[in-house]
Amino acid sequence: MRMTRLVGRRIKEDPRDAQTVSHKFLIRGGYIRPVSAGIYSLLPVGKRIIEKIEKIVREEMDAIEGQEVLMPVVLPAELWEESGRYGSVGAELLRFKDRNDKSMLLGMTHEEAVVHLIRSEVSSYKQLPVMLYQLQTKYRDEARPRAGLIRVREFTMKDAYSFHTSQECLEAYYERAHEAYVRIFKRIGLKSCVSIESNSGMMGGKISHEFMAVAESGEDTIFMSPCGQYRANREIAYAAWKYEKSAPLPLEKVHTPDKKTIEDVAAFLGLKPENTGKAVFFRDEKGSLIFAMIRGDFEVNESKLKNYLKTNELTYADDNLIRSCGAEPGYASPLALDTSKVRIVIDNSIAQSSNLVVGANEADHHYKNFNAGRDLPGAEVIDIATVRDGDPCPVTGQPLMMRRGIEVGNIFQLGTKYSAAMKCEFLDKDGKSHPMIMGCYGIGIGRSMASVIEQSYDNYGPIWPITISPYHVQLCSLNPKDGVTETADKIYSELSESGIEVLYDDRGEKAGFMFSDADLIGIPFRIIISPKTLQNNQIEFKRRGEKDVTMINIPELGGFIKETVAAEFAKYKA
RNA sequence: CGGGGUAUAGCGCAGUCUGGCUAGCGCAUCUGCUUUGGGAGCAGAGGGUCGCAGGUUCGAAUCCUGCUACCCCGACCA
């Protein structure tokens with residue numbers, strides 16, 4: 001490709017709206033352009049990168065017997081009513097009516113569509129297992145798109161769905177899909193991408209993993225053990241917390257005037273926050289009151305609590321609701337409450353600790369020496385603590401590392417949630433009908449591209465891995481005179497003919513101008529030709545991101561580039 | 001949905017508080033000449049409903065009211 005013809009200008013200044021590295025460089029390098037909030041056009045260089053990522057994804061999906069299909073973006077609401085999701089998914093599902101007043105929606109994921117397809121095409125155990133995948137546009141009406149391609153409304157996703165006759169078959173396939181994902185993210189050049197245990201959320205199902213590109217700009221908080229044996233999303237992470245028990249002392253009411261916060265109470269009584277119990281009141285989606293108690297130095301993990309309570313919504317309860325069960329805001333404890341009006345759950349940290357300070361359900365008073373086993377027998381004891389940076393790994397006890405991650409992919413063992421609801425069944429050997437057992441497997445394509453930048457850039461632009469770089473080599477023709485143009489043209493056509501993808505900067509601009517554009521385009525290898533190098537019948541060869549240059553004799557150039565490119569590709573072999 | 005911010009040429013900004021000449025600057029674009037190894041110089045040119053709609057005023061980018069879009073934090077989120 002000649003740069004004189006290339007559409008998509010480079011921008012020298014950071015766009016005002018961009019905060020993250022990938023957002024800035026994707027705009028500045030001429031890869032994407034915003035059209036509306038969270039909706040982007042892809043320019044030629046961006047499109048080439050996306051296609052290369054898609055090609056790798058296709059290869060790995062095909063390698064695990066996936067069959068590519070294409071399902072519609074626009075789906076009838078009735079399909080989603082069958083699964084029950086039409087009512088349960090919120091405003092991020094974009095609903096609209098067609099001209100006949102029929103309710104339609106834009107697909108944000110395609111479980112319903114694929115089940116609709118499979119249930120009419122597959123009916124016997126002999127046809128299973130099977131996996132279908134597609135690369136298709138998804139639309140989610142995100143409340144807050146952000147950070148360029150990292151959180152968008154319209155995006156391309158590879159989504160795959162597997163169908164099995166047994167849980168064992170699903171689990172075996174799930175493992176293969178997991179391995180395929182590891183290969184994909186290695187091949188596209190993510191330097192740090194880990195699979196972590198995750199919360200299944202609205203998808204239903206039990207076991208699931210998220211593939212996280214570790215990056216500061218990530219939206220999720222993840223915990224990783226230094227040994228690599230434990231990795232989990234903060235939403236479900238737990239740690240090997242140690243608690244100390246001592247002999248219970250008698251309950252004692254103490255005067256704590258105007259001391260409402262954990263810090264104030266602890267300081268006033270000369271204790272540490274871990275010697276106190278924190279009371280947190282929630283209201284669930286039905287309006288019921290939940291009293292959660294946790295040691296004073298911990299925070300309640302609302303995801304864990306939601307999962308335990310099997311509720312979709314938790315908000316903090318207001319003071320009136322808190323008082324309705326006999327508790328006093330700021331001085332609350334689980335003692336002597338009206339348990340018909342409140343459900344009490346206590347964290348392990350409370351159950352395993354002794355002689356804590358808790359509220360007395362009376363203004364300006366607390367109790368000392370609360371012991372859950374003695375004072376609150378039969379309480380629901382669960383893990384609702386939020387892991388903190390440095391908490392002990394559940395496997396090895398080493399301090400967990402807290403990181404941010406971009407979720408580039410996820411895999412779920414769905415089970416029969418959709419197949420049962422939508423009657424996607426197969427006949428077994430005995431002629432009996434069963435719902436198929438499903439898995440689903442997603443990868444965000446655009447988000448993956450952005451994640452690669454987040455992990456591979458310098459001050460001047462992205463540094464693309466050769467596997468997804470828009471071109472293999474950039475050819476810069478400097479000061480094109482004295483035969484430079486002729487030689488550059490010849491190198492361009494010879495390399496192109498030998499299968500090397502060349503971006504040829506034939507604009508004859510100032511060197512610095514061309515180099516800074518080249519940095520923004522981020523191609524890993526650069527060939528520079530000028531009257532100076534041509535004097536010795538040579539070109540200059542440079543790697544993106546490195547200072548050193550190598551002089552190569554022009555007759556040897558073709559072979560050298562082929563070898564160098566091949567060697568670079570080999571580094572990303574999975 | 002709550003909180004904060006922004007909106008003036010393709011991009012980045014000044015001007016707004018304190019209303020007043022023809023709305024500026026840098027980058028980019030076009031023309032000519034000179035340049036040519038890390039963002040070239042000179043000379044010239046084109047490009048604006050000052051986000052939108054009302055209002056106040058002799059006069060509004062500037063003051064008032066309403067709206068919209070975009071960004072950030074939070075809530076939310078396979």
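We name chains A, B, ... by the order of the sequence lines, and we start the count at 1 in each one.
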Taking only the P atom of each, what is the distance from B/rC64 to B/rA69 in whole angstrom?
23 Å
Which atoms form the tightest heavy-atom contact between A/Ala160 and A/Met131, and what is the distance?
CB-SD, 3.8 Å
Select base, sugar-phosphate, or nothing to describe what A/Glu540 touches, counting heavy atoms under 4.0 Å on all strands.
base
Contacting residues from residues 129-147 of chain A, given that a heavy atom lies under 4.0 angstrom of RNA chain B:
A/Lys138, A/Arg140, A/Ala143, A/Arg144, A/Pro145, A/Arg146, A/Ala147
Report the residues that fulfil salt bridge (charged side-chain N to carboxylate O under 4.0 Å, His left out) with A/Lys490, sequence neighbours left out, ordered by chain and then residue number.
A/Glu494
Quick one: which protein N/O atoms are closer than 3.5 Å to N/O atoms of nucleotides 9-14 of chain B? Pair and distance per line, please.
| from | atom 1 | to | atom 2 | distance (Å) |
| --- | --- | --- | --- | --- |
| B/rG12 | OP1 | A/Arg16 | N | 3.3 |
| B/rG12 | O2' | A/Glu13 | OE2 | 3.4 |
| B/rC13 | OP2 | A/Arg16 | NH1 | 3.4 |

Of all the choices, B/rG37, B/rA78, B/rC71, which nucleotide is nearest to the side chain of A/Ser530 once you look at every atom?
B/rG37
Out of B/rC71, B/rU35, B/rA78, whichever nucleotide has its closest atom nearest the side chain of A/Ala37:
B/rC71
Can you tell me which nucleotide in B/rU35, B/rC70, B/rC76 comes closest to the side chain of A/Lys510?
B/rU35
What distance, rounded to whole Å, do you find between the two C1' atoms, one in B/rU65 and one in B/rG2?
23 Å
Sort out for me which residue in A/His116, A/Lys417, A/Glu112 forms a side-chain hydrogen bond (donor to acceptor under 3.5 Å, both in side chains) with A/Ser83.
A/Glu112
Mind checking what makes side-chain contact (heavy atoms from CB on, under 4.5 Å) contact with A/Gln134, not counting sequence neighbours?
A/Val69, A/Leu70, A/Met71, A/His110, A/Gln136, A/Lys138, A/Asp159
For the residue pair A/Phe185 and A/Phe211, categorise the inter-ring angle as parallel (less than 30°), tilted (30 to 60°) or perpendicular (more than 60°).
tilted
Working for side chain to side chain donor-acceptor pair (under 3.5 Å), residues A/Ser477 and A/Asp506
CA-CA 6 Å; A/Ser477 165; A/Asp506 57 340; over 6 Å; no
Mapping A/Asp220 and A/His23 onto RNA chain B by nearest heavy atom, which one lands closer to the 5' end?
A/His23
Which part of the nucleic acid, if any, lies within contact of A/Thr533, taking any heavy atom under 4.0 Å across all strands shown: a base, the sugar-phosphate backbone alone, or nothing?
base
For the pair made of CZ in A/Arg507 and P in B/rA28, what is the distance, rounded to whole Å?
12 Å
With P as the reference atom in both, quote the distance from B/rC21 to B/rC63 in angstrom, rounded to an integer.
15 Å
How far, in whole Å, is B/rG41 from B/rC70 if one measures between their C1' atoms?
38 Å
Please determine if a side-chain N or O atom of A/Ser208 lies less than 4.0 Å away from the OP1 or OP2 oxygen of B/rA78.
no
Students often get this wrong, so: under 4.0 angstrom with heavy atoms, is A/Arg526 touching a base, only sugar-phosphate, or nothing?
base
Begin with the C-alpha distance, continue with both residues' side-chain angles, and end with the deciding distance and a verdict on ring pair (Phe, Tyr, Trp, His ring centres under 6.0 Å) for A/Tyr181 and A/His209.
CA-CA 11 Å; A/Tyr181 270 43; A/His209 286 84; over 10 Å; no
If you take all heavy atoms of A/Val408 and A/Leu190, which pair is closest and at what distance?
CG2-CD1, 4.2 Å
Distance in angstrom units between A/Arg153 CZ and B/rC70 C1', rounded
11 Å
When the C1' atoms of B/rA75 and B/rU57 are considered, how many whole Å apart are they?
45 Å
Any donor-acceptor pair under 3.5 Å linking the side-chain atoms of A/Glu540 with those of A/Thr533?
no
Base, sugar-phosphate alone, or nothing: which one does A/Lys24 contact when heavy atoms must sit under 4.0 Å apart?
nothing
In terms of the nearest nucleotide of RNA chain B, which residue is placed more toward the 5' end: A/Gln19 or A/Phe515?
A/Phe515
Provide the distance between the two P atoms, one in B/rG15 and one in B/rG24, to the nearest whole Å.
16 Å
Is a side-chain N or O of A/Arg447 found less than 3.5 angstrom from the main chain of A/Ile150, in a donor-acceptor match?
yes
Salt bridge (charged side-chain N to carboxylate O under 4.0 Å, His left out) involving A/Asp347 - partner list, sequence neighbours excluded
none
In whole angstrom, give the distance that lies between atom CD1 of A/Ile528 and atom C1' of B/rU36.
14 Å
Among B/rG38, B/rG37, B/rA78, which nucleotide has an atom closest to any side-chain atom of A/Lys532?
B/rG37
If you count heavy atoms of other groups shown closer than 6.0 angstrom to CD of A/Glu216, is the number above 12?
no
A/His209 NE2 to B/rA78 P, in whole Å, measures 18 Å
Exercise: do A/Thr221 and A/Arg404 side chains pair donor with acceptor under 3.5 Å:
yes
C1'-based separation of B/rG47 from B/rU31 [nearest Å]
15 Å
All N/O pairs under 3.5 Å across the protein-nucleotides 44-46 of chain B interface:
none

